[in-house]
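Everything quoted here is computed from the prediction, not taken from an experiment. Order of the sequence lines sets the chain letters (A, B, ...), proteins ahead of strands, with each chain counted from 1. Keep in mind that the numbers below use all heavy atoms, side chains included, and drop hydrogens, waters and symmetry copies.
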There are 2 protein chains.
Amino acid sequence: MEIEEILDRIDPMPQPFQQKLIQELKLITVPKGHLLMSADRLADQVYFIRKGVVRAYVLHQEREITFWFGQEGDIAMSMNSFTIRKAAFEFLEALESTEVYAIAIETLQDLYRQDLYLANWGRKFAESELRLAEERFTARQFKTARERYEDFLNNYPGLLQRVQLGYIASYLGISQVSLSRIRMKPVGLTSSPRG
Amino acid sequence: MEIEEILDRIDPMPQPFQQKLIQELKLITVPKGHLLMSADRLADQVYFIRKGVVRAYVLHQEREITFWFGQEGDIAMSMNSFTIRKAAFEFLEALESTEVYAIAIETLQDLYRQDLYLANWGRKFAESELRLAEERFTARQFKTARERYEDFLNNYPGLLQRVQLGYIASYLGISQVSLSRIRMKPVGLTSSPRG
DNA sequence: TAAACTTTTTTACAAATGTTAAAAAAAGCG
DNA sequence: CGCTTTTTTTAACATTTGTAAAAAAGTTTA
């Protein structure tokens with residue numbers, strides 16, 4: 001996906017202002033397994049995904065917890081590192097050979113501070129991510145694991161084929177065994193009294 | 001808490017720009033139990049909490065799920081209603097007699113579009129909320145219910161005394177019975193083999 | 001293509017959490 | 001106050017989900 005389209009997905013802005021951002025980008029390609037970002041280090045880049053799939057995960061007691069997937073058109077950054085300029089807590093890993101447009105966080109911050117259109121673009125980006133995060137957070141609370149799995153299939157068509165199930169289970173907040181149990185039984189066949 | 005302080009908590013901006021926002025605010029007082037916002041209606045106001053406690057909750061199958069608390073200095077808005085101009089999915093309820101500074105969403109949107117400082121203030125607001133949401137989302141995944149309860153006590157000192165436990169249990173993602181079990185046993189005394 | 005490795009499913013069991021209902025405690029109110 | 005209502009705790013039981021380990025399936029590589 002080309003960069004103009006990625007930017008427009010968040011909020012279209014007049015050409016000249018868009019170009020101010022595009023000018024600063026560098027297209028890089030990373031192999032499967034490459035870490036674009038590591039925990040305990042200051043994240044200094046923001047990535048616009050042109051091609052490929054990445055996941056963000058945290059490491060907790062020897063265990064990886066995947067909490068975000070990004071594919072073509074998505075934007076990856078450590079909000080933690082960006083806002084409070086502290087070391088990131090997450091890893092960002094390419095799950096396929098992946099092409100990203102990269103920009104230094106410092107440069108992006110400068111653009112935001114200088115330009116009204118870009119500042120509002122950045123605002124809309126954060127707002128839309130926040131909206132998704134809230135939706136996902138509440139869904140985690142009142143939807144069953146099976147419903148969340150079905151939502152995942154609908155919201156990320158094709159991703160099931162590109163991402164291994166262990167990562168998806170963790171993303172859904174369940175163990176891989178539970179996910180396997182869900183997939184085993186056909187949809188709609190839950191453990192009702194006389195199931 | 002006065003409005004200047006509430007705004008500065010997100011990001012300080014030069015006086016004249018801050019005043020552009022403050023000019024538009026109306027201070028209102030609502031009694032305990034009042035709904036500042038209701039699901040299935042377009043949320044048309046943003047609230048800056050001067051005094052009191054509010055909660056945001058969703059209604060799912062006869063059941064209320066509290067997912068956010070706000071107190072002095074916090075800012076309440078329906079990000080869903082704000083960004084995609086759809087009906088809100090959440091309720092916003094005052095848990096005490098509460099004073100809020102209110103501004104129409106439309107007015108705030110206009111201010112953002114016109115002014116660089118305000119646009120960046122709005123961006124930082126969304127970014128910091130997003131950062132908190134991510135933190136809470138991952139914590140939900142790898143912390144036990146007891147740890148989340150302890151985090152709540154640390155992150156919201158005094159709120160335990162102002163909010164009933166049923167709401168807190170729901171906020172923590174557990175049943176009220178579970179919360180009661182946690183509170184029953186002293187800290188550190190978990191169910192170990194010879195507990 | 002055989003061996004080595006990784007991923008997914010299955011099994012058996014343990015632990016955590018939910019549900020419903022009732023008792024106890026606390027808060028609200030005339 | 002004492003009665004009523006609400007909130008919190010406790011109890012008993014059912015269910016979900018997790019863990020660890022093994023089997024099966026699928027991939028990779030020499």
Original post:
Parallel, tilted or perpendicular: which describes the rings of Phe125(B) and Trp121(B), with under 30° parallel and over 60° perpendicular?
Top reply: parallel
**OP:** Round to a whole Å and report the spacing from CD of Gln141(B) to C1' of dG18(D).
**Re:** 13 Å
**OP:** Hey, which sits more toward the 5' end of DNA chain C by its nearest nucleotide, Ile174(B) or Lys32(B)?
**Re:** Ile174(B)
Distances under 3.5 Å between protein N/O atoms and the N/O atoms of nucleotides 4-12 of chain D, please, pair by pair.
residue : atom : partner   : partner atom : Å
dT7(D)  : OP1  : Gln164(B) : OE1          : 3.0
dT7(D)  : OP1  : Gln164(B) : NE2          : 3.4
dT8(D)  : OP1  : Leu165(B) : N            : 2.9
dT8(D)  : OP2  : Leu165(B) : N            : 3.2
dT8(D)  : OP2  : Gly166(B) : N            : 3.3
dT8(D)  : OP2  : Gln176(B) : NE2          : 3.3
dT9(D)  : OP1  : Arg183(B) : NE           : 3.4
dT9(D)  : OP1  : Arg183(B) : NH2          : 3.2
dT9(D)  : OP2  : Ser180(B) : OG           : 3.0
dT9(D)  : O5'  : Ser180(B) : OG           : 3.1

Original post:
Which part of the nucleic acid does Arg63(B) contact within heavy-atom distance under 4.0 Å: base, sugar-phosphate only, or nothing?
Top reply: sugar-phosphate
Original post:
Say you draw a straight line from CD of Glu24(B) to CD of Glu106(B); how long is it, rounded to the nearest 0.5 Å?
Top reply: 12.5 Å
Subject >> Spacing of Leu95(A) atom CG relative to dT7(C) atom P, expressed in whole Å >> reply: 11 Å
Original post:
When we call it a touch if two heavy atoms are under 4.0 Å apart, what does Ser178(B) touch: a base, just sugar-phosphate, or nothing?
Top reply: sugar-phosphate
Original post:
Do Arg50(A) and Glu99(A) sit within salt-bridge range, that is, some charged N less than 4.0 Å from a carboxylate O?
Top reply: yes
Subject >> Leu160(A) CG - dT7(C) C1' separation (whole Å) >> reply: 14 Å
Subject >> Donor-acceptor side-chain pairing of Glu64(B) and Ser170(B) below 3.5 angstrom >> reply: no
Original post:
Parallel, tilted or perpendicular: which describes the rings of Phe69(B) and Tyr156(B), with under 30° parallel and over 60° perpendicular?
Top reply: perpendicular
**OP:** May I have the distance from Glu96(A) (atom CD) to dT27(D) (atom P), rounded to whole angstrom?
**Re:** 15 Å
Original post:
To the nearest angstrom, how far is Leu172(B) atom CG from dA16(C) atom P?
Top reply: 18 Å
Original post:
Are Leu7(A) and Tyr112(A) co-members of a hydrophobic cluster defined by side-chain heavy atoms under 4.5 Å apart?
Top reply: yes
